[in-house]
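Report on one structure; see the data block that follows.
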Amino acid sequence: MNPSVEKILVSEEEIDRITTRIAAEIDRDYKGNDGRLILLCILKGSIVFMGDLMKKITIPVEIDCMKVSSYGSGTQTTGNVHIHLDLIRPDLPDCDLLIIEDIIDSGVTLSYLTKYLKNKGAKSVRTCTLLDKPSRRKVDFKPDYCGCEIPDEFVIGYGLDYDERFRALPYVGVLKPEVYSGE
Ligand code: PRP
């Protein structure tokens with residue numbers, strides 16, 4: 001185990017079971033759909049989850065990416081999400097977008113993005129997250145597909161970072177407090 005990790009929260013085996021389950025749910029829900037199913041990776045944290053998940057989906061899918069960041073704190077809600085890389089597709093009215101996230105925290109990012117992409121004209125917009133921290137919500141938001149709910153701990157690995165480190169770990173772990181308190 002990486003020396004900066006206090007404990008493993010979601011193991012490689014558990015992640016494998018989660019991606020298998022969600023891929024089967026996506027296959028079931030979108031089978032026979034007449035639109036183009038687009039898995040929309042929200043950079044950067046979702047890269048690893050997206051890569052594993054897409055390999056297990058058997059119906060035809062396309063992929064695309066966006067990069068966003070949310071600012072502000074306290075009671076501020078939507079409107080403080082900045083789009084660094086937008087989704088530009090002339091065929092958006094034919095697209096069933098499935099937004100892929102690594103984690104939902106306040107809910108601000110996905111709440112904003114869902115509305116933004118619907119307003120932009122997508123045929124449909126759904127959301128999928130590996131991890132969910134419902135105790136941290138600032139806006140009411142529930143994903144359509146969820147890997148697992150986790151407690152409010154500082155998690156890293158499997159795409160998630162601390163100061164851009166630890167994204168390549170194959171599991172989700174809790175970061176040792178001395179790593180972030182000592183820097
Ligand atoms: C994380 C995560 C979501 C967002 C969730 O991204 O990937 O996009 O925060 O937080 P929210 O529910 O409070 O809006 P982050 O800004 O850490 O960027 P990264 O994926 O590039 O690490």
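Since we're looking at a predicted model, the values are computed, not measured. Note that ligands are numbered from 1 as they come in the structure, with each ligand's atoms numbered from 1 the same way.
Heavy-atom proximity to Leu43, at under 4.0 Å, picks out these atoms of ligand 1: 20 (O), 21 (O). Remark: ligand 1 atoms within the under-4.0 Å shell around heavy atoms of Lys44 are 19 (P), 20 (O), 21 (O). In summary, the atoms of ligand 1 found under 4.0 Å from a heavy atom of Glu101, numbered by their order in the structure, are 2 (C), 3 (C), 7 (O), 8 (O).
With Asp102 contributing its side chain and Leu160 its backbone, the two residues share no donor-acceptor pair below 3.5 Å. In terms of modelled atom types and a separation under 3.5 Å, the side chain of Lys176 and the main chain of Pro3 share a donor-acceptor contact. Between the side chain of Arg167 and the backbone N or O of Gly157, no donor-acceptor pair lies under 3.5 Å. A donor-acceptor contact shorter than 3.5 Å links the side chain of Thr127 to the backbone of Asp144.
On a distance-only criterion, Ser46 and ligand 1 share no N/O pair closer than 3.5 Å. Note: an N/O pair closer than 3.5 Å links Gly107 and ligand 1 by distance alone. Considering backbone and side-chain atoms together, Ser106 places an N or O closer than 3.5 Å to an N or O of ligand 1.
In this structure, atom 20 (O) of ligand 1 lies nearest to the protein heavy atom Gly45 N, 2.9 Å. Here the heavy atom of the protein found nearest to atom 14 (O) of ligand 1 is Thr109 OG1, 2.5 Å. Given atom 10 (O) of ligand 1, the protein heavy atom at minimum distance is Asp105 CB, 3.7 Å. What sits closest to atom 5 (C) of ligand 1 on the protein, heavy atoms only, is Ile103 O, 3.5 Å. Scanning all protein heavy atoms for the shortest distance to atom 17 (O) of ligand 1 gives Asp161 OD1, 4.6 Å.
Hydrophobic cluster membership differs between Ile103 and Val108, with clusters built from Ile, Leu, Val, Met, Phe, Trp and Tyr side chains linked at under 4.5 angstrom.
A salt bridge links Lys56 to Asp16: at least one charged side-chain nitrogen sits closer than 4.0 Å to a carboxylate oxygen. A salt bridge links Asp152 to Lys133: at least one charged side-chain nitrogen sits closer than 4.0 Å to a carboxylate oxygen.
In the displayed structure, Lys67 atom NZ is contacted under 6.0 Å by more than 12 heavy atoms of other residues, nucleotides or ligands.
The part of Asp102 lying near ligand 1 is the side chain, judged by heavy-atom distances below 4.0 Å. At a heavy-atom cutoff of 4.0 Å, ligand 1 is contacted by the side chain of Arg167 but not by its backbone.
In this structure, atom 7 (O) of ligand 1 has a protein heavy-atom contact shorter than 4.0 Å.
There is a side-chain donor-acceptor pair under 3.5 Å between Tyr116 and Asp86.
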